[in-house]
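Have a look at the structure below, then the notes.
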Amino acid sequence: MSPLNATEPAVAAGAADPGLKEAVRERVLAHREELLALSRRIHAHPETAFEEHRAAAWCADLLRGHGYTVEPGVAGLPTAFGATLGSGPVTVALVCEYDALPGLGHACGHNLIAAAGLGAALGLAPYADRLGLTVRVIGAPAEERGAGKALLLDAGVFDGVDAAMMVHPCPVEVADFHSFALGTLSVRYTGRAAHPSLNPHEGRNAADALTVAQVALGLLRQHLPPHWRVHGVTTAAGTAPNLIPDSATAEYEIRASAAEDLTELRARVEACFRAGALATGCEVELTRPEPDYLDFRGDAGLLALWRANAAAAGRPEPVESGPFACTDMGNVSHALPAIHPVLDITGGVCGPHEAAFAEAAVAPEADRAVLEGAVAMAWTAADFAAARG
């Protein structure tokens, strides 16, 4: 996949028939109760990565009930789905997320993402052919961990899509969203067990190997460029103080402003973990538990359409922001025109991955974001088709 050149937007301008766009808004609002009920149902039954069986089924059932042809389990992922309606020459994908965070539930507000995506899909359903659209809804599991969209992309689920879009709740309103690139690393040291007083000289301390590596990482951070990040947790490092541990494990993440930087950063971080093994006589195994998350690169033409439609739908004036967070929607943006606006639901009071944000994800501002986000996405899809026609 080659990155889309941001200086060559997919479209520069576009405007669908105003009467049709108003009809689309009315259809979204006509589905208000079932969309907000879906958001609350997903929120009340949080499911983590690749376990979103109920959420995926609820979304698929709602789409099927409004004329969409639904294919469950696309790309061999049981909690993914694809849904299609219309036969227009321009295909727009509305991307839905619905996974939750372990221990925090929907503290990232993915219940809103699913409901807004379905709202746009239901609003467009009666008018897709007249707008020149084929509407695809892609149910994408495992955004928080597992890179579900990267797996769907590699499996061809986005093939034939002209543009993709989704919205995400946030503590601030941003149209031109930027994210970090993210890589993951699983670390396993294997040493040799021994008694710490009887025969410590025969032991090879796996926990010490991890300690050496963490010291090396701490020293490395001074020499990393801005926006390069290394962080992780120890998941095992012995079970008792009277036993030299022969195993230690850790999970780490690396982040950089651009996907191209991850290769160098990964090499430098892995060298630190190998140093721990070398210093202690242990062995180390380094693996990647999931695909890399690429940095998000929004399409300039789609963004212009979104800005106009979001304002008309009632959204607040967006602010400019540097990169924050990571998303596997970044992988999609490297392959085709895409946008990922974030919608303010807390006014900066709290942010994603905080317990308070889970409460905000079913508050009145969240409901507003579902409906206005759905309308703005549907209008943007309509204008995109008009510009391509």
Side-chain angles (χ1 to χ4, degrees), residues 1-3 48-50 101-102 108 142-151 153-154 178-192 204-238 244-297 322-334 352-353:
M1 297 180 293
S2 60
T48 54
F50 298 117
L101 289 158
C108 209
E143 189 276 337
E144 294 293 351
R145 195 67 190 257
K149 293 183 201 63
L151 300 176
L153 186 67
D154 290 343
H178 299 277
S179 70
F180 290 105
L182 167 73
T184 53
L185 182 65
S186 292
V187 183
R188 176 175 293 277
Y189 286 105
T190 302
R192 184 187 307 154
R204 298 292 181 268
N205 194 316
D208 286 352
L210 184 54
T211 299
V212 170
Q214 289 170 328
V215 170
L217 288 171
L219 296 172
L220 173 66
R221 288 188 178 97
Q222 179 186 4
H223 306 287
L224 296 180
H227 302 307
W228 287 25
R229 302 284 187 267
V230 181
H231 47 94
V233 294
T234 299
T235 52
I244 291 175
D246 61 354
S247 179
T249 58
E251 296 291 330
Y252 268 75
E253 293 182 347
I254 58 175
R255 301 179 192 236
S257 299
E260 294 82 359
D261 296 329
L262 281 181
T263 299
E264 179 184 350
L265 179 55
R266 184 181 291 278
R268 297 178 72 177
V269 168
E270 288 184 352
C272 293
F273 287 110
R274 292 192 179 95
L278 180 64
T280 59
C282 295
E283 296 180 356
V284 64
E285 180 184 3
L286 303 173
T287 58
R288 301 187 190 189
E290 60 196 38
D292 288 346
Y293 287 53
L294 306 186
D295 52 303
F296 187 84
R297 301 178 180 182
F324 62 94
C326 298
T327 174
D328 54 5
M329 190 67 173
N331 299 57
V332 177
S333 76
H334 280 240
H353 296 213

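Along the sequence shown, the residues carry numbers beginning at 1. Note: hydrogens, waters and symmetry copies are ignored here, and every other heavy atom, side chains too, is used.
Checking L210, D208, N205, T211 one by one against T280, the side chain to side chain contact (heavy atoms under 4.5 Å, CB included) holds for a single residue, D208.
The shortest non-hydrogen separation linking A207 to A237 is CB-O, 3.8 Å. Here the shortest heavy-atom pairing between F180 and P323 reads CE1-O, 3.6 Å. In this structure, P245 and G238 approach most closely via the heavy-atom pair CB-CA, 3.6 Å. Closest approach of C326 and L182 over heavy atoms only: SG-CB, 3.6 Å.
With hydrogens and angles left out, the side-chain atoms of R255 and H227 include no donor and acceptor closer than 3.5 Å. Checked by atom type, the side-chain pair E251/T234 shows no donor-acceptor distance below 3.5 Å. In this model, no donor atom of one side chain and acceptor atom of the other lie less than 3.5 Å apart for E253 and T184.
Here the side chains of L101 and H353 are in contact, with some heavy-atom distance below 4.5 Å. The side-chain heavy atoms of R145 and P289, taken from C-beta on, include a pair separated by under 4.5 Å. At a threshold of 4.5 Å between non-hydrogen side-chain atoms, the residues D261 and W228 count as touching. A heavy-atom distance below 4.5 Å is found between the side chains of L185 and L286. Under the 4.5 Å side-chain criterion, counting only non-hydrogen atoms from C-beta, V187 is not in contact with T249.
A salt bridge does not link R288 with E290: none of the charged nitrogens is closer than 4.0 Å to a carboxylate oxygen. We find that E143 and K149 are not joined by a salt bridge, their nearest charged nitrogen and carboxylate oxygen being 4.0 Å or further apart.
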- request: Verify salt bridge (Lys or Arg N to Asp or Glu O under 4.0 Å) between R266 and E264, making sure each step is shown before the conclusion.
  value: CA-CA 5 Å; R266 184 181 291 278; E264 179 184 350; over 6 Å; no

Under 3.5 Å, sequence neighbours excluded: what are the donor-acceptor pairs made by side chains of residues 216-223?
unit_1 : atom_1 : unit_2 : atom_2 : d
R221   : NE     : V230   : O      : 3.3
R221   : NH2    : V230   : O      : 2.8

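At least one donor-acceptor pair under 3.5 Å links the side chain of N331 to the backbone N or O of D292. One N or O on the side chain of T327 and one on the backbone of M329 form a donor-acceptor pair closer than 3.5 Å. Using a distance-only test at 3.5 Å, with no hydrogens or angles considered, no donor-acceptor pair links the side chain of S179 to the main chain of F324. Within the 3.5 Å criterion, the main-chain N or O of A259 finds a donor-acceptor partner in the side chain of D295. Side chain of Y293 to backbone of A147: a donor-acceptor contact under 3.5 angstrom is found.
Y252 and F273 have their aromatic ring centers within a separation under 6.0 angstrom.
Here R204 pairs with R192, C282 under the side chain to side chain contact (heavy atoms under 4.5 Å, CB included) rule; sequence neighbours left out.
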